[in-house]
Amino acid sequence: EMVEVPMAPGSSAAILMDYCYMEINAYRDDYVTTYLRYKRIKILKKEGYDEGNINLIYHSEDQYERIRNLKAQTLVPTETGYKTIELNKKTDFFKEELSNGFSRITFAFPGLTEGAIIEFQYELICQNITVLQPWYFQNELPTFWSELHFQIPQYFNYTTLTRNYR
């Protein structure tokens, strides 16, 4: 049982896994980029409870981007393992229209305690195949596993740009 992150003592939470599978797909008469995102965070201290409040912002105007298959759950530690609390699609996820054609889905993980693990996954479908969503391998929270897969058709060519912000 991890109770502290050796590389970042005092951290209130840690990202255990941040995974994304990006794929360019033919869709009707055009192409779309599909992002399958999966994130898992361990709450180490009460100060980390804020990590359980999630905001997913996307460009919803004319369905330029849309989110589907959103799932989330809290794994609460017990004496014998973990108890799973799944969020309900109809009652726990809240969609809000923002300005300039954007929308936000918000949700909060129930049952947070020190040692709890929160995880969520969703698909983001995007009409843009030229400018991809950015990916950060490290975050403000210590990150143990960050992985990005990108699948493109053979006849597409992309240039990879990497930057170090330190």
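All residue numbers refer to positions in the sequence shown, counting from 1. Keep in mind that what you see is a predicted model, and the values were worked out from it rather than measured.
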Could you measure the distance from the [atom1] atom of [X] to the [atom2] atom of [Y]? Nearest 0.5 Å is fine.
| X | Y | atom1 | atom2 | value |
| --- | --- | --- | --- | --- |
| Phe144 | Met7 | CZ | CE | 4.0 Å |
| Gln73 | Leu75 | CD | CG | 5.0 Å |
| Tyr35 | Glu23 | OH | CD | 12.0 Å |
| Ser12 | Glu4 | OG | CD | 11.5 Å |
| Lys39 | Met17 | NZ | CE | 11.5 Å |
| Lys46 | Leu112 | NZ | CG | 12.0 Å |

Assess whether atom CD of Gln63 is packed by more than 12 heavy atoms of other residues, nucleotides or ligands within 6.0 Å.
-> no
Donor-acceptor side-chain pairing of [X] and [Y] below 3.5 angstrom:
| X | Y | value |
| --- | --- | --- |
| Asn55 | Thr106 | no |
| Glu97 | Ser103 | yes |
| His149 | Gln151 | no |
| Glu119 | Tyr38 | yes |
| Gln133 | Trp135 | no |

Main-chain N/O of Leu141 paired to Thr143 side chain as donor or acceptor, under 3.5 Å | yes
Is a donor on one side and an acceptor on the other found under 3.5 Å between the side chain of Thr74 and the backbone of Ile117?
-> no
For the pair Phe107 and Phe109, name the ring-plane relationship: parallel under 30°, tilted 30 to 60°, perpendicular over 60°.
-> perpendicular
Any chain of hydrophobic side-chain contacts (each under 4.5 Å) joining [X] to [Y]?
| X | Y | answer |
| --- | --- | --- |
| Ile15 | Phe137 | yes |
| Leu56 | Leu132 | yes |
| Tyr31 | Met22 | yes |

[X] and [Y]: which non-hydrogen atoms are nearest, and at how many Å?
| X | Y | answer |
| --- | --- | --- |
| Ile118 | Gly52 | CD1-CA, 3.8 Å |
| Pro142 | Ala8 | CG-CB, 3.9 Å |
| Leu87 | Ala108 | CD2-O, 3.6 Å |
| Phe150 | Ile152 | CZ-CG2, 3.0 Å |
| Tyr58 | Arg104 | CE2-N, 4.4 Å |
| Ile129 | Val32 | CG2-C, 3.8 Å |

Take Leu16 and Ile41, measure what side-chain contact (heavy atoms from CB on, under 4.5 Å) needs, and give me the verdict at the end.
-> CA-CA 5 Å; Leu16 301 177; Ile41 300 170; over 6 Å; no
Please examine the side chains of Glu123 and Ile67, heavy atoms only from C-beta on, and report whether any two atoms are closer than 4.5 Å.
-> no
Taking NZ, NE, NH1 and NH2 as the nitrogens, is one of them in Asp18 or Arg40 under 4.0 Å from a carboxylate oxygen of the other?
-> no
Check each of Ile125, Ile24, Leu124 against Thr34 using the side chain to side chain contact (heavy atoms under 4.5 Å, CB included) test, and report the only one that passes.
-> Ile125
Candidate pair Asn88 and Phe93, rule side-chain contact (heavy atoms from CB on, under 4.5 Å), full reasoning | CA-CA 7 Å; Asn88 183 297; Phe93 299 122; over 6 Å; no
Besides Ile85, the hydrophobic cluster formed by Ile, Leu, Val, Met, Phe, Trp and Tyr side chains linked at under 4.5 Å, directly or via other members, contains Val76
Apply the test side-chain contact (heavy atoms from CB on, under 4.5 Å) to residues Leu44 and Val3: give CA-CA distance (whole Å), side-chain angles for both, the deciding distance (0.1 Å), then the verdict.
-> CA-CA 6 Å; Leu44 301 171; Val3 294; 5.6 Å; no
For Leu148 and Cys20, run side-chain contact (heavy atoms from CB on, under 4.5 Å): C-alpha distance rounded to whole Å, both residues' side-chain angles, the deciding distance at 0.1 Å, then the answer.
-> CA-CA 5 Å; Leu148 172 67; Cys20 183; 3.9 Å; yes
Set of residues satisfying ring-ring contact (aromatic ring centres under 6.0 Å, His included) with respect to Tyr64, sequence neighbours excluded = His59
